[in-house]
A.B. asks: 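Shown below is the structure under consideration.
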Number of protein chains: 2
Amino acid sequence: MLGDRMMTSPRFLTKPLYLQLRDALADRIASGEWKPGSAIPNESDLAREFEVSAGTMRKALDLMEGEHLLTRRQGRGTFVNDQSSDELAARFSNIRGSEGKRICGQLKSTQITSGSANDMERTRLRISAQDSVYRVQRVRHDRGVVFQAEEASLPTTLFPGLDEKKDVAHGIIALAQDYGILPGKAEERVSLGEASPQMAETLGIAVRSPVIVLDRVVRALDGRPIEWRVAWCNLSDKYYMVEMT
Amino acid sequence: MLGDRMMTSPRFLTKPLYLQLRDALADRIASGEWKPGSAIPNESDLAREFEVSAGTMRKALDLMEGEHLLTRRQGRGTFVNDQSSDELAARFSNIRGSEGKRICGQLKSTQITSGSANDMERTRLRISAQDSVYRVQRVRHDRGVVFQAEEASLPTTLFPGLDEKKDVAHGIIALAQDYGILPGKAEERVSLGEASPQMAETLGIAVRSPVIVLDRVVRALDGRPIEWRVAWCNLSDKYYMVEMT
DNA sequence: AAGTGGTCTAGACCACTCA
DNA sequence: GAGTGGTCTAGACCACTTG
């Protein structure tokens, strides 16, 4: 069904087969046809279904494993990743606990409002002036100790009815999964700041003490920005760590 | 020559063929047999030489491209990457100029000493008590403006005679290439600090003003630490940015 | 036109997991 | 032992670059 297009239409109009397959399979995950945590059909069955060779199907599946959509285990099968799992949900957090594992902390005191996007939100989220956003304010704590306050903006078109749900207590990655959005990449800018009186209050530190400011944009698999967040963070028994390849 | 081992010895003693190929090809780069910037033989010639199928050779070459050792270009060939190029040498720097490109800055006022490794150096570089290190102190500037001061430690065994060379004016990645070491990954811890009187002097900022402290370990392709560096950085017209996947 | 990497195929066998 | 993913093979054809 997919293969035909390779034969009939000129190449410059089409993508390589394995990329088309990736898109088709990713859509099954995004649509909820394949649920998080469940196994999907094996390589050769999928190859038969899509009328491609097993090698091409494998290339698509390997790609998706690299995109954190699937996990493949020899002898067991191929499974849809649960983005709300601890490991994956913390994927875009570079803050680590003393044990060295990425941590998100627990969410607390969530507030949500909506309004039309301001200049900053428009440039960061690549949306236009008439679009609106949800604005979420929240605080994160680790074993009761507040260490981060943050303000996030999300396009309303991508998260319809978000303000009426309780899901705001989840991070962006788990949230995206609920709305059929597959997370892709993120960029984070790190800078120095000093605590405003209010920030000092919530973080439990002295006014004007230095804090680290994390300005992050999370994108969907297709590159669309889905969240812009600025976080003010008090690192003390935690640290910020980046791995580079 | 390589393939034989697959047939004769049990699998748990050996690595997959494509990984053995990667090691063999990487060795040709590290040893200087294949020079930075030069083209290497094509896929099928290499496959013939190593007596493997073209597909297996391709898997090894693709892997090496992902490790930044090679660049493949359709219609042109496969080329050995020059690690001292601007792009690759700045690979482990998350500091970006206003244009958004990674920058290393220019090195200035380099000092080098050597001595036996202290506790911190032993743990970070995973070397033992009797091993010695080179200690390099230097300052980086961008168009004349000093923005970073740093202290680096390198195992003497990996960089013999480093103190007698002028190469210290190069960053670790270009340096490693000269010594036949292929760079792999790096980790960097980011924390807050305040400028000591001396640091304030060199960075041209007020005493006790907040600076960002970058604690980085660079590893070779095989995982061995090759440099531990602590940098004190004054971000002003620059910013620190991380991409996450 | 010749040579390169990129895609795709069809099939074999191995290593691992689990009932 | 049946079923899964992981490795490896041999070959075809396509897309791109360069002379």
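Below, read A as the first sequence line, B as the second, and so on, with proteins coming before strands; counting in each chain starts at 1.
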A.B. asks: Take atom CG of Asn42(A) and atom P of dA2(D), then tell me their distance rounded to the nearest Å.
C.D. replies: 16 Å
A.B. asks: Starting at CD of Glu51(A) and ending at P of dC8(C), how long is that distance when rounded to a whole Å?
C.D. replies: 15 Å
A.B. asks: Let's see if you can work this out: which of dC8(C), dC8(D), dT9(C) has an atom nearest to the side-chain heavy atoms of Leu17(B)?
C.D. replies: dC8(D)
A.B. asks: So, Arg124(A) and Asp215(A), do they make that salt bridge, N to O below 4.0 Å?
C.D. replies: yes
A.B. asks: Are Asp131(A) and Arg122(A) within salt-bridge range, i.e. N to O under 4.0 Å?
C.D. replies: no
A.B. asks: Can you tell whether the side chains of Arg96(A) and Glu187(B) come within less than 4.0 Å, N to carboxylate O?
C.D. replies: no
A.B. asks: Tell me the interatomic distance from Phe50(A), atom CZ, to dC8(C), atom P, rounded to whole angstroms.
C.D. replies: 14 Å
A.B. asks: So, Arg216(B) and Glu150(B), do they make that salt bridge, N to O below 4.0 Å?
C.D. replies: no
A.B. asks: Rounded off to whole Å, could you give me the CD1-to-P distance for the Ile40(A) and dT4(D) pair?
C.D. replies: 12 Å
A.B. asks: In this structure, how many angstroms lie between the C1' atom of dC13(C) and the CD atom of Glu43(A), rounded?
C.D. replies: 14 Å
A.B. asks: Using a strict 4.0 Å threshold on nitrogen-to-oxygen distance, state whether Asp45(A) and Arg48(A) make a salt bridge.
C.D. replies: yes
A.B. asks: Nearest to the Arg76(A) side chain among dT7(D), dG5(D), dT17(C), which nucleotide is it?
C.D. replies: dT17(C)
A.B. asks: Could you tell me how far apart Arg22(A) (CZ) and dC8(C) (P) are, to the nearest whole angstrom?
C.D. replies: 13 Å
A.B. asks: Round to a whole Å and report the spacing from NZ of Lys15(B) to P of dC8(D).
C.D. replies: 12 Å
A.B. asks: So which atom in Asp82(B) and which in Ser84(B) form the shortest heavy-atom distance, rounded to 0.1 Å?
C.D. replies: OD1-OG, 2.8 Å
A.B. asks: At under 4.0 Å between heavy atoms, what does Thr78(A) touch on the DNA or RNA strands: base, sugar-phosphate, or nothing?
C.D. replies: sugar-phosphate
A.B. asks: To the nearest Å, give me how far apart OH (Tyr18(B)) and C1' (dG5(D)) are.
C.D. replies: 12 Å
A.B. asks: Looking at residues 56-75 of chain A, who's got a heavy atom less than 4.0 Å off DNA chain D?
C.D. replies: Arg58(A), Arg72(A), Arg73(A), Gln74(A), Gly75(A)
A.B. asks: Could you measure the distance from the OG atom of Ser153(A) to the CD1 atom of Ile226(A)? Nearest 0.5 Å is fine.
C.D. replies: 13.0 Å
